Trainee: 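Handing you this structure, nothing more for now.
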Amino acid sequence: MAISPPSDLVLDVVKAADPMEVQVAQEKLKANRAAFAATSLAENGKGFSNTVDVLDHIGQKSGLSNIQNRTKAEEVPESYRKFEAMVLQNFVKSMLPSESEDVYGKGATGDIWKGMMAEQLGNTMAKGDGIGIAKQMYSEQLRRQEGKIVNAATDDRDRNTALSMIDDFQRKTFGTPTADAKADRTG
């Protein structure tokens with residue numbers, strides 16, 4: 001049997017240690033490893049805070065950062081604004097880089113973070129005037145409703161009822177014979 005003094009000594013120490021202390025030490029090692037990975041990403045300019053800084057800079061240049069200072073947008077119902085935010089979220093998500101594991105993480109968690117960022121950007125863009133989807137849809141809906149009132153059509157039965165009411169009103173008011181009575185006398 002061969003003996004390996006360094007590893008045997010480490011195993012003896014681990015076996016002699018309290019299991020809770022071993023677990024605490026393992027947790028510290030995992031935390032240090034995660035902190036090292038985050039620091040490495042940040043030093044290489046690929047960390048989350050760097051991405052947020054870049055987006056803040058872009059927002060300031062495009063005027064998106066001062067959303068509260070804008071003039072009051074036309075009163076468009078919230079449902080239309082939410083729809084526009086959802087459309088913008090999908091646009092933004094499709095425009096975000098697909099190779100973004102360094103920023104958002106890998107797998108499903110990375111997709112969730114990417115989706116959350118796209119959602120926030122879409123909501124922020126839709127808060128002000130957006131790109132006009134909500135406003136356009138709302139004005140189109142108003143035009144449709146106005147068209148229903150203006151283009152209200154009546155059928156023959158409604159028309160005949162209205163004409164008979166007018167004839168009856170004329171007969172009672174002016175004492176004149178109705179159109180039917182005139183037709184009877186001439187016919």
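All values derive from a computational prediction rather than experimental measurement.
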Trainee: So how far is it from F83 CZ to M86 CE, rounded to the nearest 0.5 Å?
Mentor: 5.0 Å
Trainee: Within this structure, what is the CG-CD distance for the pair L121 and Q89, rounded to the nearest 0.5 Å?
Mentor: 9.5 Å
Trainee: Got a sec, which residues hit side-chain contact (heavy atoms from CB on, under 4.5 Å) with M95, two or more places apart in sequence or on another chain?
Mentor: F91, V92
Trainee: Could you tell me the separation between the CD1 atom of I112 and the CD atom of E119, rounded to the nearest 0.5 Å?
Mentor: 12.0 Å
Trainee: Taking the side chain as C-beta and beyond, is there a heavy-atom pair between I133 and Q136 under 4.5 Å?
Mentor: no
Trainee: Is any NZ, NE, NH1 or NH2 atom of the basic residue among K172 and D168 found under 4.0 Å from an Asp or Glu carboxylate oxygen of the other?
Mentor: yes
Trainee: May I ask you to decide whether K114 forms a salt bridge with D111, counting only side-chain N to carboxylate O separations under 4.0 Å?
Mentor: no
Trainee: Rounded to the nearest 0.5 Å, how far apart are CG of L88 and CZ of R81?
Mentor: 11.5 Å
Trainee: Minimum heavy-atom separation for Y80 and M137, please, with both atom names.
Mentor: CD2-CB, 3.8 Å
Trainee: Taking only residues two or more places apart in sequence or in another chain, which ones pass side chain to side chain donor-acceptor pair (under 3.5 Å) with E140?
Mentor: R143
Trainee: Determine whether E84 and I131 satisfy the following criterion, side-chain contact (heavy atoms from CB on, under 4.5 Å), listing intermediate values before the conclusion.
Mentor: CA-CA 8 Å; E84 181 171 1; I131 59 173; 3.5 Å; yes
Trainee: Please name all residues satisfying side-chain contact (heavy atoms from CB on, under 4.5 Å) with V24, sequence neighbours left out, ordered by chain then number.
Mentor: K28
